[in-house]
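Data first, discussion second: the structure below is written as structure tokens.
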Number of protein chains: 2
Amino acid sequence: MGSSSRRKVSNALGLAVLGLLMESPLHPHAMAATLRERGMDRAFKVSTGSLYDVVRALERAGWIEARETVRVGARPERTVYQHTAVGREEFVRWVDELIRVPADEYPRFLSAVSYLGALGPDGAVAALRERAERVRASLEEIRRAHREAAGQVPRLFVVEVEYALRMDEAELGWIEEIIGEIETGRLAWPAPPESEQADEGGR
Amino acid sequence: MGSSSRRKVSNALGLAVLGLLMESPLHPHAMAATLRERGMDRAFKVSTGSLYDVVRALERAGWIEARETVRVGARPERTVYQHTAVGREEFVRWVDELIRVPADEYPRFLSAVSYLGALGPDGAVAALRERAERVRASLEEIRRAHREAAGQVPRLFVVEVEYALRMDEAELGWIEEIIGEIETGRLAWPAPPESEQADEGGR
DNA sequence: ATCCAAATACTCGGATCCGAGCGATAGGAG
DNA sequence: CTCCTATCGCTCGGATCCGAGTATTTGGAT
């Protein structure tokens, strides 16, 4: 029943760091830069604060290690990290587990839809229309990026984009359907319990 | 481009609390119990610690207020909260915004799929198979709950379950397709750069 | 009567997160 | 030669989160 959480490093950004270091040693700032360049900041929340925390955590866990500390001008030192044998194993184990067992997640939209009723039929349609528009735009953007990347790298390195695309398409489809059902009245709005202010509140 | 975050209370659990209080005054423990009874803990992460924090935050913001503090036996006091006029408005505004503007989210599975390559074709298929199985099971469970609820309450109060269903179905579909593509070799595994330990590391 | 399991109700402190800084330097405009 | 901005690279501290723990009580089973 428990989720997976009792993992030494839980922040997903740690996975990204590990992944990058599989390729070559890097210092934190370069990791952030690389993640953003490659558009991986769509899959991982890259915030500088967390990055340094996570790197420290990975080091404490022995999954990565400082390789050297260089200084270029009189700028802050850069500590370059590299993976360890343990780190390489844990990386694979981590990916494996994340794939195998679905994590409990709580997307904001799901929360909001739980209270769609509060907007009233017209308000709901208006809000959903706006979301649909935004999702469509973002979808277009992702498709563009995907097309562009498709020629450059093996497809394997782009599957996550295809997944994201699929999910967004599914969401958009659902939104459009629901809009339709509200407009045609197939999804009815029960009278809101406005007047039940002084209700007994049974059960 | 900023997300929505500069909101007084950001934890989605606050939305659930507000939603519950729209119906009737409650004390925190009862909120948690109700949320779980109604299966809303699928949409909101209900953890006791956060709950008390969030209630305090909502009170500080003036969206809810303590109504009375009763004591039943010699048990800890229960503070019963109720909504305020401001709270009612903010509740609607909050739902509206959550619907209108998609939040940046970082589902674990997306992170993991970004590194699917690390598992190798066989490992990937094995892991994806297991996930598919689990998703199928959870889907079955949600369908059951939905069927059960469908007779009891107006459909409007179940749309979020339909949404969740849709998304899980989409994920499952994608997983099955990818499994197929790996097995038939349509999704090729580029030779892993194992030997490039002492690589120059271009780009 | 007695004891244990479950329910009631909340608190606490550590872990985590992350944005706003901060100091330095390189590069280009004037 | 000077200034200004963009980039580099990191630190800090507040905010948030949340599981484990505490203490009491009710309701059976024995």
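First the proteins, then the strands, lettered A, B, ... as listed; each starts at 1.
A:Lys45 places its NZ atom 13 Å from the C1' atom of D:dT16, with the value rounded to the nearest Å. Rounding to whole angstrom units, NZ of residue A:Lys8 and C1' of C:dT16 are separated by 17 Å. With rounding to whole Å, B:Met31 atom CE is found 18 Å from C:dA7 atom C1'. Spacing between atom CG of A:Leu26 and atom C1' of D:dG9 amounts to 14 Å, rounded to whole angstrom units. The CG-C1' distance, from A:Leu13 to C:dG19, rounds to 15 Å in whole Å. Rounded to an integer number of Å, the gap from B:Asp104 CG to C:dC17 C1' is 16 Å. One atom, CG of A:Leu51, and another, C1' of C:dT16, lie 14 Å apart when rounded to the nearest Å. The distance between atom OH of B:Tyr106 and atom C1' of C:dC17, rounded to the nearest whole Å, is 13 Å.
The residue among B:His27 and B:Asp53 whose nearest nucleotide of DNA chain C is located toward the 5' end is B:His27. Comparing B:Val46 and B:Arg60 by the nucleotide of DNA chain D whose heavy atom lies nearest to each, the residue mapping closer to the 5' end is B:Arg60.
Annotation: side-chain hydrogen bond (donor to acceptor under 3.5 Å, both in side chains) contacts involving residues 52-61 of chain B, sequence neighbours excluded, are absent. Applying the side-chain hydrogen bond (donor to acceptor under 3.5 Å, both in side chains) test to residues at least two apart or on different chains, the pairs with a partner in residues 150-162 of chain A are A:His146-A:Glu162, A:Arg155-A:Glu162, A:Arg155-B:Glu181.
Note: B:Phe44 and A:Tyr115 have tilted aromatic rings, judged against thresholds of 30 and 60 degrees for the angle between ring planes.
For the OP1/OP2 pair of D:dT16 and a distance below 4.0 Å, the side-chain nitrogens and oxygens of B:Asn11 include no atom meeting the criterion. Regarding contacts with the backbone of D:dC18, a side-chain N or O of B:Ser50 is found under 4.0 angstrom from either OP1 or OP2. Applying the 4.0 Å criterion to OP1 and OP2 of D:dC10, one finds that A:Thr48 has every side-chain N and O outside that range.
Among the heavy atoms of the strands lying under 4.0 Å from B:Ser47 are primed sugar atoms or P, OP1, OP2 only; no base atom is included.
Counting only heavy atoms from C-beta on, A:Tyr52 has its side chain closest to D:dG9 among D:dG9, C:dC18, D:dC18. Of the candidates C:dT8, D:dG9, D:dC18, C:dT8 carries the atom nearest the B:His29 side chain, counting heavy atoms from C-beta on.
Ion pairing of B:Glu140 with B:Arg136 is absent here, as no side-chain N (NZ or NE/NH1/NH2) approaches a carboxylate O to less than 4.0 Å. With salt bridges taken as basic N to acidic carboxylate O contacts below 4.0 Å, none links B:Arg100 and B:Glu97.
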